[in-house]
Amino acid sequence: MAIRLFDSLTRSPQELRRPDPANPQDFFTFYNCGPTVYAPAHIGNFRTFTVNDVLRRLLELEYGPDKVKHVRNLTDVDDRTIGQAKKEQRPLADITRHWTQIFHEDCRALNLLPPHAEPTATGYIKEQVNMIEVLMQKGCAYRAADGSVYFKIASFPGYGGLSRIKERELKVTNTVADADHKDSVSDFALWKAYKPEEDGLVSWAGPDGAAAGRPGWHIECSAMSKAILGDTIDLHSGGIDLLFPHHENEIAQSQCCNGTTFSRHWYHSEHLLVNGTTMSKSKGNYYTVRDLIAQGHSPLAIRYALLAGHPRKQLNFTLESLHAAESALKKLQVIVTVFHDPKYRVAGNGTPSRLTEVLDLLRDDLNTPGALGALFKLGHEISCGIGGGPTNADVATLDQILGVLGLEATQLAAANAAPKADAPDEVKALAAKRWAAKVAKDFAAADALRKELTAVGWSMLDAKDSYKLEPLKK
RNA sequence: GGUGCGGUAGCCAAGUGGUAAGGCCGAGCUCUGCAAAAGCUCUAUUCGGCGGUUCGAUUCCGCCCCGCACCUCCA
């Protein structure tokens, strides 16, 4: 079956376009709104990036690894990045470089593939300025009294098509401090005139007829998408919160500038919640990947936990769900090991693998929890001997599925073999004594020593000819 | 006020117009001296509530209750 994704524009599942395999210039083009690099991304941000990573892997599996172009930007100039630079009294580039590096480390930990291009807003100032100039020439944008440039929503009749928001229904907020510069409260900034007290050293020459300053937020995605992927792309994705105003504004800018469809398909993933509400620093429910890793959680378990709910449904993340993910990962590894063990292999007769239905669940709107469930069910059936052992086709399909989920066999093995804390010498000594007692079949002494080990918080796991020590779970 | 998403077992979470996947936790069993690991079995007469359509609804429609989110620079 073809890949179908829910489309925010038509509000229905739509088949994605398959690039022409015969045309080497035809790619599936995919733009995913990335993070703002002023602080560590939290796991809510990473839910979106992980979902998009699964999508990207699925596209490459279906269309071929060289037929997909995946772009994810870095927002490295905006109110928050500038604010952070000002707060720390450091150059903007220092701040964004630092957090970009942290972001990349977190991405690697979560086994996210790097996008094919990762443009930054500051790297595409010229393209943004050009675009704004075109919009001004076309009468879709105007210069305000302070030298800023605003997009004129009235010039784009299709405005609100994505979010279904009508201008008159907008709640009037007081966050629009510069409303007096605009023709209409709904108009949004394409270019923001330099404000010495706020912007510090951050400023570029503006579009013709405008003041020096910096780009507004929305224009960067339009400009970078156009520059790298072209006027019309196949898919644009991001978190649900970006649907309005960000994506609505991108459509308006791009379509007015380019005179053609901006993106054929729009996909939005839902929010990750923590204890029932969205994450925010003020609520103190702000998990980062590095914090969780520092607490001893495996990054792959974080990835699993993020994929354990349907991407278009809010998912409640708790430490408990992370523990569940860790246990599930162990179980998954056992299943994978059985699949890969030649001794269970059964001759295939060329019929489609039973696992293709699991792949179909992923093709159908990225149903990751459904696919995971089906995978466990099959693992269970195979261990019970139902339907016979896996065929070569089954094993190949399993590897494809794991590859799409980013839970490859090697990753699973590494995660589950995560180094445990090394035992102190006295614990090691106790363990050695107990092992000796056991080998001597002095079970009373062995049991007493096990109790001693338990008392100091360690558990001894006997294998046939060896043992290992693990800290007791509380 | 506008818009959107959702309410399925102790927790998490799929799903379908034909009678409830899966994961976690828990219990029992098997296997191991013990312990752990692993495996097996069990755990929703029921899908927020009330009506309606239907031979049949958790699944479609209506109303109500509850939760979450967005509404101009939050993934």
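Throughout, a chain's letter reflects where its sequence line sits, starting with A, and its residues are numbered from 1. Just so you know, these numbers come straight off a predicted model, no measurement behind them.
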Counting the atoms with a prime plus P, OP1 and OP2 as sugar-phosphate, which does His268(A) contact under 4.0 Å by heavy atoms, base, sugar-phosphate, or nothing? nothing
Is there a residue in residues 100-107 of chain A whose heavy atoms reach under 4.0 Å of RNA chain B, and which residues are they? none
Suppose we screen for side chain to side chain donor-acceptor pair (under 3.5 Å). Which residues come up paired with Gln314(A), at least two apart in sequence or across chains? none
For RNA chain B, the expected dot-bracket line (Watson-Crick or G-U under 3.5 Å, [ ] crossing, | inter-strand) is (((((((..(((.....[...))).(((((.......))))).....(((((..]....))))))))))))....
Within the structure, does a side-chain N or O atom of Lys313(A) lie under 4.0 Å from either OP1 or OP2 of G7(B)? yes
Report yes if a side-chain nitrogen or oxygen of Ser269(A) is closer than 4.0 Å to either non-bridging phosphate oxygen (OP1 or OP2) of A75(B); otherwise report no. no
Residues that Ala445(A) engages under side-chain contact (heavy atoms from CB on, under 4.5 Å), provided they are two or more places apart: Ala437(A), Asp442(A)
RNA chain B: 5'-proximal contact among Asp78(A) and Met460(A) (nearest heavy atom): Met460(A)
Verify the ring-centre separation between His236(A) and Tyr31(A): is it less than 6.0 angstrom? yes
Would you indicate what Gln314(A) reaches in the nucleic acid, counting non-hydrogen atoms under 4.0 angstrom: base, sugar-phosphate, or nothing? base
In residues 443-452 of chain A, what residues come within less than 4.0 Å of RNA chain B, judged by heavy atoms? Phe443(A), Asp447(A), Arg450(A)
Would you measure the distance from the C1' atom in U46(B) across to the matching atom in U58(B) and give it in whole Å? 8 Å
Kindly write out the residues that satisfy side chain to side chain donor-acceptor pair (under 3.5 Å) with Asp79(A), not counting sequence neighbours, or none if the list is empty. Arg214(A)
Select base, sugar-phosphate, or nothing to describe what Lys438(A) touches, counting heavy atoms under 4.0 Å on all strands. base
